[in-house]
Amino acid sequence: MNEEATRLLIEGAQATGVDAAPHIGAFADLLRLLQEGNARHNLTALKTEEDIVLKHFVDSLTCLRGGHLQGSLRVLDLGTGGGFPTFPLAIVQPELQITPVDATRKKIEYVRATAEALNLPQITPRSGRAEELGRDPELRGTFDRVVVRAVAALPILAELALPFLKVGGLLVAQKGPITPEELNAGRRAAREVGGEVREVDPFSLPVTGDDRTLIVIEKVAATPEKYPRAVGIPNSKPLFWRAK
């Protein structure tokens, strides 16, 4: 990792309340493995070290805002892609037991190999669609937290994520700017599947200034058995929201 990328990582992490300095070696290894994996699997469109540090590493760490991921928690990372926010979280908070999930098998194979290379045994990847995995008895209603970095509308995230949570668990959703219309639909969808929106935290990504919103939904009741709906339906026919 070059000097500028290192500086950006330290400063960006500090802005989210994280001291990344003791973990620079692990982040440097992650950067190298991501660049190597990207040549084979097209994991990210970001090319420069500085962009990867800010828009993957630091951005992932912003889900620590609010202290919702403190302690020895069982966490599911829904739609992990190239392993974000799984890897940054696992590096700075090794007490988290993280299950990264993605529908693309080659990405999960990369995440599994990278977790082994980084000596992060607390990461246990799973491949599959959220609609199907959310009905798996080994996964449904078993997690303390679900984290997601997503462009999907909030009603979609609520339907796909809440089935994985225990009652009392939290969905921590990292999104860009959110309109009042989407937020209202998300509140309705959350209630439909057993949740309540507890926090809406707008902020700017450190250094870049990009607009972000951290949305926290608490699971307050068991998700009805009919949710999540069949593969593809939550995206094509979101609850209380017109698909874009």
Side-chain angles (χ1 to χ4, degrees), residues 16 59-71 73-81 84-85 89 99 101-103 129-136 139-205 210-244:
T16 69
D59 188 58
S60 292
L61 294 175
T62 64
C63 69
L64 296 172
R65 291 171 61 91
H68 302 297
L69 294 169
Q70 299 295 321
L73 300 170
R74 191 168 183 222
V75 181
L76 185 137
D77 174 8
L78 187 61
T80 192
F84 301 102
L89 292 180
T99 300
V101 166
D102 201 275
R129 293 290 299 258
E131 297 95 327
E132 296 170 338
L133 295 178
R135 293 186 173 279
D136 185 333
L139 300 177
R140 187 180 178 94
T142 64
F143 289 90
D144 302 297
R145 303 288 186 269
V146 174
V147 294
V148 59
R149 298 171 75 210
V151 296
L154 189 59
I156 298 171
L157 300 182
E159 179 176 357
L160 294 179
L162 263 68
F164 292 102
L165 286 168
K166 301 174 182 176
V167 173
L170 300 176
L171 165 61
V172 180
Q174 297 175 287
K175 288 179 60 65
I178 186 168
T179 65
E181 293 79 13
E182 182 184 342
L183 181 57
N184 289 336
R187 291 184 189 277
R188 295 179 66 189
R191 294 189 189 104
E192 177 72 15
V193 296
E196 287 285 346
V197 174
R198 295 304 191 200
E199 293 185 22
V200 180
D201 176 19
F203 65 98
S204 296
L205 187 65
D210 293 344
D211 290 334
R212 294 287 189 272
T213 310
L214 197 69
I215 298 173
V216 179
I217 299 177
E218 181 183 2
K219 185 165 181 178
V220 298
T223 299
E225 286 297 320
K226 63 181 178 180
Y227 297 115
R229 290 169 293 167
V231 170
I233 294 179
N235 281 282
S236 63
K237 298 180 180 179
L239 296 169
F240 309 109
W241 182 252
R242 181 175 298 175
K244 304 296 184 182

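Atom-to-atom distance recorded for K226:NZ and R135:CZ is 11.0 Å, nearest 0.5 angstrom. Note that CD1 of I215 is 3.5 Å distant from CD1 of I178, once rounded to the nearest 0.5 Å. I156 contributes atom CD1, which lies 9.0 Å from atom CG of L239 (distance to the nearest 0.5 angstrom). To the nearest 0.5 Å, the span separating OG1 on T16 from CG on L214 amounts to 11.0 Å. Taking CG of L205 as the start and CZ of R212 as the end, the distance is 5.0 Å to the nearest 0.5 Å. To the nearest 0.5 Å, the span separating CZ on R145 from CG on L73 amounts to 5.0 Å.
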Mind listing the side-chain donor-acceptor pairs of residues 180-189 below 3.5 Å, one per line with the distance, residues two or more places apart or on another chain?
| residue | atom | partner | partner atom | Å |
| --- | --- | --- | --- | --- |
| E182 | OE2 | L154 | N | 2.8 |
| E182 | OE2 | K175 | NZ | 3.0 |
| N184 | ND2 | P180 | O | 3.2 |

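Qualifying salt bridge (charged side-chain N to carboxylate O under 4.0 Å, His left out) partners for D144, counting only residues two or more places apart in sequence or in other chains: K166. R74 pairs by the salt bridge (charged side-chain N to carboxylate O under 4.0 Å, His left out) definition with nothing, not counting sequence neighbours. Shown here are the side-chain hydrogen bond (donor to acceptor under 3.5 Å, both in side chains) partners of T213, two or more places apart in sequence or in another chain: there are none. When the side-chain hydrogen bond (donor to acceptor under 3.5 Å, both in side chains) test is applied to R140, no partner is found at least two apart in sequence or on another chain. The salt bridge (charged side-chain N to carboxylate O under 4.0 Å, His left out) search around R191 returns E196, not counting sequence neighbours. Applying the salt bridge (charged side-chain N to carboxylate O under 4.0 Å, His left out) criterion to D210, with sequence neighbours excluded, gives no partner residue. Scored by the side-chain hydrogen bond (donor to acceptor under 3.5 Å, both in side chains) test, E132 finds no partners at all (sequence neighbours excluded). In this structure, S60 has no side-chain hydrogen bond (donor to acceptor under 3.5 Å, both in side chains) partners at least two apart in sequence or on a different chain.
Between L78 and V148 the shortest heavy-atom distance is O-CG2, 3.4 Å. Here the closest heavy-atom approach between residue D102 and residue G81 is recorded as OD2-N, 2.9 Å. Shown here for L162 and A190, the closest heavy-atom pair between the two residues is CD2-O, 4.2 Å. Taking both residues in full, the closest heavy atoms of P155 and W241 are given as CG-CB, 3.7 Å, listed atom of the first, atom of the second, then distance.
Between L89 and L64 the shortest side-chain heavy-atom distance falls below 4.5 Å.
Remark: the backbone N or O of V193 is paired with a side-chain donor or acceptor of T223 at under 3.5 angstrom. Using modelled atom types, one side-chain atom of E131 and one backbone atom of G232 make a donor-acceptor pair closer than 3.5 Å.
The salt bridge (charged side-chain N to carboxylate O under 4.0 Å, His left out) contacts involving residues 155-164 comprise E159-R229, where partners must be two or more places apart or lie in separate chains. Listed by first and then second residue, the salt bridge (charged side-chain N to carboxylate O under 4.0 Å, His left out) pairs involving residues 146-155 are D59-R149 (not counting sequence neighbours). The salt bridge (charged side-chain N to carboxylate O under 4.0 Å, His left out) contacts involving residues 60-71 comprise R65-D201, where partners must be two or more places apart or lie in separate chains.
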Steps toward side-chain contact (heavy atoms from CB on, under 4.5 Å) verdict (F143, V75): CA-CA 6 Å; F143 289 90; V75 181; 5.6 Å; no
How far apart are the C-alpha atoms of T99 and D77, what are their side-chain angles, what is the distance that settles it, and do they pass the side-chain contact (heavy atoms from CB on, under 4.5 Å) test? CA-CA 6 Å; T99 300; D77 174 8; over 6 Å; no
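With F164 as the fixed residue, the side-chain contact (heavy atoms from CB on, under 4.5 Å) test singles out one of L171, V101, D136, L139: L139.
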